[in-house]
Amino acid sequence: MRVLLTGGAGYIGSHTAVELLQSGIEVVIADDLSNSSLNAVKRVEAITGKSVVFYLADVSDTAMLRTVFRENRIDAVIHFAGFKAVGESVAKPLKYYRNNLCTTLSLLEVMNENGCGKIVFSSSATVYGDPDTVPLSEDSPVKSGTNPYARTKRMIEQILTDFNAADKGTEVTILRYFNPVGAHPSGMIGENPNGVPNNLMPYITQVAVGKLPKLSIFGSDYPTPDGTCIRDYVHVVDLAKGHMAALNHSAPGVNIYNLGTGKGYSVLEVVDAFERVNGVKIPRVMAPRRAGDVAVCYSSSEKAAAVLGWHAELSMDDMVRDAWNWQIKNPDGYAAE
Ligand code: UFG
């Protein structure tokens, strides 16, 4: 089997490429490197001892995608490509709508032209918005979204549903990620944010390595046991394996799965785990709430376990250990090469 990974040089894409290659699947990556590095692809090849077919391509470039499909018989696509910074999406909504939607439309058009109907899409727990109840199951209500990034995920889920409605033979799998963290245990690939990180784990690792002075904890007055927000952090290697399981169980229709651990950790619990496991102090201050954050968000992982046979195997201790291992081995991310 040969699988096209759009955005395959990125954080989740590169880890998924490793799992696919190690399972004997051929990998083609189309990535414009706007928020990723070719070094990630080289390191995927180094980890696996296998080669990847790489295209420097903007996935909204239909002509370029046609070339990719003409030069490679693609059996399935995993669609990672997309912008993902919540705050930036509020400041630059058109950039987000154009990029995230146009890439998807081009991709589906070219898939149609080539008779390829199997797609796995990187969606997000953000489609659940501010949950009425937790844990979140795939049947929990989907909300309109509090920011343009979230709305693009919701819109793409709708586009994919309509794509399948027009041709019931197509196989659409929607994976709603919770909070991906950690890195490959080799320390060769990991999360490499541009500029100051928005997300908790890369912020913590950059404080730990001395690039940032202290962590601001956004909100200590939430209705949670320690007052800080609770999230379902999932190790990126487990998440990558979830994509493998999704490909193996791909079936006609629109099939939606949450990929999370089913367990919630507060911000303070994550920071404490990082300090305990890695023996590093994280200077921190309590700060006001961040706009748009929900108090508690964690998954029910029952459907993925029952249908895909997938469940997260790695613990919070594994997540903080591997996140730190990546950071200390690559203090400047891929930029050092
Ligand atoms: N946090 C801090 N300080 C920081 C960064 C984050 O206290 O410097 C807190 C946040 O307030 C939140 C928690 O850490 O309570 C997790 O924040 P992240 O930014 O790491 O993750 P989010 O849950 O906000 O967002 C993630 C993804 C989004 C996705 C969303 C879906 O980044 O892409 O989950 O739930 F949409």
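In each ligand, atom 1 is the first atom listed, and ligand 1 is the first ligand listed.
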J.: Do the side-chain N and O atoms of N255 and T173 include a donor-acceptor pair separated by under 3.5 angstrom?
T.: no
J.: Would you tell me which option among D293, V196, N179, T228 has the nearest heavy-atom contact to atom 22 (P) of ligand 1?
T.: N179
J.: So which of M316, R231, M319 actually passes side chain to side chain contact (heavy atoms under 4.5 Å, CB included) with Y265?
T.: M316
J.: Just to confirm my output: which protein heavy-atom neighbour is closest to atom 23 (O) of ligand 1, and how far is it?
T.: R231 NE, 2.7 Å
J.: Which of the listed options, Y177, Y222, Y149, F218, holds the heavy atom that is closest to atom 4 (C) of ligand 1?
T.: F218
J.: So between R290, R289, M201, whose heavy atom ends up nearest atom 17 (O) of ligand 1?
T.: R290
J.: Is the shortest N/O to N/O distance between Y203 and ligand 1 below 3.5 Å?
T.: no
J.: Counting from 1, what ligand 1 atoms have a heavy atom of I217 closer than 4.0 Å?
T.: 7 (O)
J.: List every atom of ligand 1 that sits less than 4.0 Å from any heavy atom of V267, numbering the atoms from 1 in the order shown and giving each element.
T.: 7 (O), 9 (C), 13 (C), 14 (O), 15 (O)
J.: Applying ring pair (Phe, Tyr, Trp, His ring centres under 6.0 Å), run through Y257 and H249 and close with a yes or a no.
T.: CA-CA 11 Å; Y257 303 98; H249 292 82; 8.4 Å; no
J.: Within a distance under 4.0 Å of any heavy atom of T126, pick out the atoms of ligand 1 and give their elements.
T.: 31 (C), 35 (O), 36 (F)
J.: Salt bridge or not for K42 and E45, using N-O below 4.0 Å?
T.: no
J.: What do the steps show when you test Y177 against S122 for side chain to side chain donor-acceptor pair (under 3.5 Å), and what is the final call?
T.: CA-CA 7 Å; Y177 308 153; S122 296; 2.7 Å; yes
J.: Inspect the contact between E269 and K263 and indicate whether a charged nitrogen and a carboxylate oxygen are less than 4.0 angstrom apart.
T.: no
J.: Relative to the ring of F80, is the ring of H243 parallel (under 30°), tilted (30 to 60°) or perpendicular (over 60°)?
T.: tilted
J.: Show which atoms of ligand 1 fall inside a sub-4.0 Å distance from at least one heavy-atom site of Y233.
T.: 13 (C), 16 (C)
J.: Can you figure out which of V296, L200, L215 has its heavy atom closest to atom 6 (C) of ligand 1?
T.: L200
J.: Measure S216 to ligand 1 on non-hydrogen atoms and call it side chain, backbone, both or neither using the 4.0 Å cut-off.
T.: backbone
J.: I'd like to check which ligand 1 atoms, numbered from 1 as shown, lie under 4.0 Å from a non-hydrogen atom of S124.
T.: 29 (C), 31 (C), 36 (F)
J.: For S60 and D58: C-alpha separation, side-chain torsions, deciding distance, then whether side chain to side chain donor-acceptor pair (under 3.5 Å) applies.
T.: CA-CA 5 Å; S60 62; D58 176 342; 2.7 Å; yes
J.: Taking both backbone and side-chain atoms of C229, is any N or O found less than 3.5 Å from an N or O belonging to ligand 1?
T.: no
J.: Just which atoms of ligand 1 are under 4.0 Å from any heavy atom in N198?
T.: 5 (C), 19 (O)
J.: Could you find the nearest protein heavy atom to atom 32 (O) of ligand 1 and give me its residue, atom name and distance?
T.: N199 ND2, 2.8 Å
J.: Is it true that atom NZ of K214 has more than 12 heavy atoms of other residues, nucleotides or ligands lying nearer than 6.0 Å?
T.: no
J.: Charged N to carboxylate O below 4.0 Å: is that the case for R321 and D318?
T.: yes
